[in-house]
Amino acid sequence: MQIPNFSALLKLSLRIKLLKQIHGSILVNGLDHLEPILIRQIIVSSGSFHQTHVTQYVKTILNHTQHRDVSPLGYAIRFLCQHGQFQDAVIFYVQLQRSGVFPNTYALSSIPKAYGKINCKNGGISVHCQVHKYGFASIVYVQTALLDFYSKMGDIKTAHKVFDEMSDRNIVSWNAIISGYVKFGELEMAQSVFDRMPERDIVSWNAILLGYAKAGKMDQAYVLFKEMPERGASSWNVMIRGYIDRGNIELARGFFDAMPKRNSISYITMISAYSKCGDVESAEKIFYEEEKKDQLLYNAMVACYAQNGRPKEALHLFDEMLQPILNIQPDKMTLASAISACSQLGDSNMGSRIESYMGEFGIRMDNYLSTALIDMHAKCGSIDKAIELFHRLEKKDIVAYSAIILGCGINGRGQDAIKLFEEMIGSNISPNSATITGILSAYNHAGLVEEGYDCFELMQKYGIIPCVDHYAIMVDLLGKAGRLEEAYELIKKMPMQPHSGVWGALLLACSVHNNVELGEIAAAKCFKLEPNSTGYCSLLSKIYVSSGKWDEAKRLREAIEERGFNKVPGCSWIKPAEA
DNA sequence: TTAGGGTTAG
């Protein structure tokens, strides 16, 4: 078989289809006859592919090549880092070392960032040692990458030490150390480095501007902003973000409207600010007014819908992204929001589609995705799947614990929930309001009244102010146990106005335990709070019937008919899985 | 080297 002339082909390789053909030929014919320079060219040219495919190309090429030349491998590592594939970059770097290949500048100046991103401090430290061992200590790019790594890992002291020891510094090194100080709120140190810099560029100005914005010193930030020799979209974005953090969304919007050229970050900053304060309409307006919608913009809007209890719209937009005409690839961010939308709808079918999508596109699970999936499986009744996912989590944080505790609670696994709650406290993770909702629900399911009361005490210990929903669960718990008077007393002691959920819980309990007197009180409150709901009438009617109060039952029924109520059939929030 | 977005309850 004739071996193709790769050199000639590669000269024409800028076209995607051709590159794919070359790749196919390479797999068939092997790489033995290829020069390392050509392998490198394949990796370089493959930039026009979708990121996930590129990673596959790089992986395949690296795994097939017999040439253990550092040049293409170093390039591949840099490529992976530039495309956010940090885990892969680290795997290849380790592979490279195991094959006895010396790393080069490309690899060493990229890999610290990868170790930082995967939160592996020891990895970065070992790279630091190798830098000295292999004699790269005087390379400014490598040293800057290390200094940035230490500053991102929160070790600003070592970052400064690396900075001090650098024989050669460029503007990037100076900017990196300023950003390090800004990140840790050491504005004075950042300012002092900024003042000493031999020259400044827009990044240096943006970094110090951010320092003031983060410190909430917006007046001084504004002075700096006016003083800057040039301003970019990032400078405007820093101001927008600064005002948002100070709660001044109107002023932020003013800057957003006034900026000469917005970028995706400007849009997502504004959209997420509107999302957080529940102003979905303003977020939508910004989203639909922008004609060129990219992945970031879609992500922001999908998240906005999901966070504001509008899961159908979130999934509609998610579907729109996937349309071939747009072909915007969802990423981890999109998927996390979409999964959250699925759990709000109890739609496990869509959830499973998203899970297969993750497999197809090689999207790695992370804490956000796992937690969203844990919640989804739990809400869709697959509690075992949720528990399994939870146990596989690398880092179990408060959100994951809250999700699984609530999941166990609503699935009748009270004892599991209690065990997990104790485990969480034992790991020194403080509960938040959501965790309390979860554990109270679990106590409620298990009928553990005293534990419920203890929970209210625990809230005090952790500085959590009980909210109306916590009371609603407690009332339900007391009511189910037949402690109706106690439940009523608790409602009377509530520091806020009880909502219909609280009175509804008492009414339900009264109907179970046939308490006419309290039932009437609770029902009256429910009628007042939700005059259009018929469920409360049925409950009260049931109480009358069970207690033999036929006249009252009749009067109530007549009143219902007079007002034209129709009985609303019960509905479940869980959509059954398709057969 | 700077700016931004995702997960729990309500």
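If you're wondering where the values come from, they're calculated on a predicted model, not measured in any experiment. We name chains A, B, ... by the order of the sequence lines, and we start the count at 1 in each one.
Among the heavy atoms of the strands lying under 4.0 Å from K113(A) are primed sugar atoms or P, OP1, OP2 only; no base atom is included. Among the heavy atoms of the strands, none lies under 4.0 Å from A207(A). N170(A) comes within contact range of no nucleotide atom at all, as no heavy-atom separation falls under 4.0 Å. Note on N299(A): a base of the nucleic acid sits closer than 4.0 angstrom, heavy atoms only. Nucleic acid contact class of L147(A) (heavy atoms, under 4.0 Å, all strands): none. S402(A) comes within contact range of at least one nucleobase, with a heavy-atom separation under 4.0 Å. Looking at heavy-atom distances under 4.0 Å, L406(A) makes contact with sugar-phosphate atoms alone, never a base.
Closest to the side chain of S179(A), out of dT2(B), dG6(B), dG4(B), is dT2(B). Distance from the side chain of S433(A) is smallest to dA9(B) among dT8(B), dA9(B), dG5(B). Of the candidate nucleotides dT1(B), dA3(B), dT2(B), dT1(B) has the atom nearest to the side chain of V172(A). Nearest nucleotide to the side chain of S340(A), out of dT2(B), dA9(B), dT8(B): dT8(B). If you check dG6(B), dT8(B), dT2(B) against the side chain of A403(A), the one that comes closest is dT8(B). Closest contact between the side chain of K379(A) and the listed nucleotides dG5(B), dA9(B), dT1(B) involves dA9(B). For A372(A), the listed nucleotide lying nearest its side chain is dT7(B); candidates were dT2(B), dT7(B), dT8(B).
Judged by the 6.0 Å and 45° rule, R169(A) forms a cation-pi pair with W174(A). A cation-pi contact links K293(A) to F287(A), judged by a cut-off of 6.0 Å to the six-membered ring centre and 45° from its axis. With a 6.0 Å cutoff to the six-membered ring centre and a 45° limit on the axis angle, K396(A) counts as a cation-pi contact of F390(A).
Protein atom CE of M358(A) is 15 Å distant from nucleotide atom P of dT7(B), rounded to whole Å. Taking atom OH on Y368(A) and atom C1' on dG6(B), their separation rounds to 7 Å, with Å as the unit. Distance Y212(A) OH to dA3(B) P: 17 Å, rounded to the nearest Å. Rounded to a whole Å, the NZ atom of K117(A) is 9 Å from the P atom of dT1(B). Distance, M270(A) CE to dG5(B) C1': 14 Å, rounded to whole Å. Taking atom CE of M333(A) as the reference point, atom P of dG4(B) lies 13 Å away to the nearest angstrom. Between the CE atom of M301(A) and the P atom of dG6(B) there is a distance of 13 Å, given to the nearest Å. Note: CG (L210(A)) to P (dT2(B)) measures 10 Å, nearest angstrom.
Residue Q307(A) places at least one side-chain N or O under 4.0 Å from the OP1 or OP2 atom of dT7(B). Contact check, K276(A) against dG6(B): a side-chain N or O comes under 4.0 Å of OP1 or OP2. A sub-4.0 Å separation between OP1 or OP2 of dG5(B) and a side-chain N or O of R241(A) is present.
A 4.5 Å side-chain heavy-atom check between I139(A) and L108(A) finds every atom pair outside the cut-off. Side chains of I177(A) and M189(A) form no contact here, defined as non-hydrogen atoms less than 4.5 Å apart.
Of the candidates V475(A), D476(A), I473(A), V502(A) forms a side-chain contact (heavy atoms from CB on, under 4.5 Å) with just one, namely V475(A).
Applying the 3.5 Å distance criterion, the base of dG5(B) shares a donor-acceptor pair with the side chain of D331(A). Evaluation of atom-type donor-acceptor distances gives no pair under 3.5 Å for the side chain of N263(A) against the base of dG4(B).
Looking at E290(A) and K285(A), no side-chain N of the basic residue comes within less than 4.0 Å of a carboxylate O on the acidic one, giving no salt bridge.
With hydrogens and angles disregarded, a donor-acceptor distance shorter than 3.5 Å links the side chain of H445(A) to the backbone of S441(A). In this structure, the side chain of N444(A) does not engage the main chain of L440(A) through any donor-acceptor pair within 3.5 Å.
For the segment residues 283-297 of chain A, the set of residues with a heavy atom within less than 4.0 Å of an atom of DNA chain B comprises L296(A), in numerical order.
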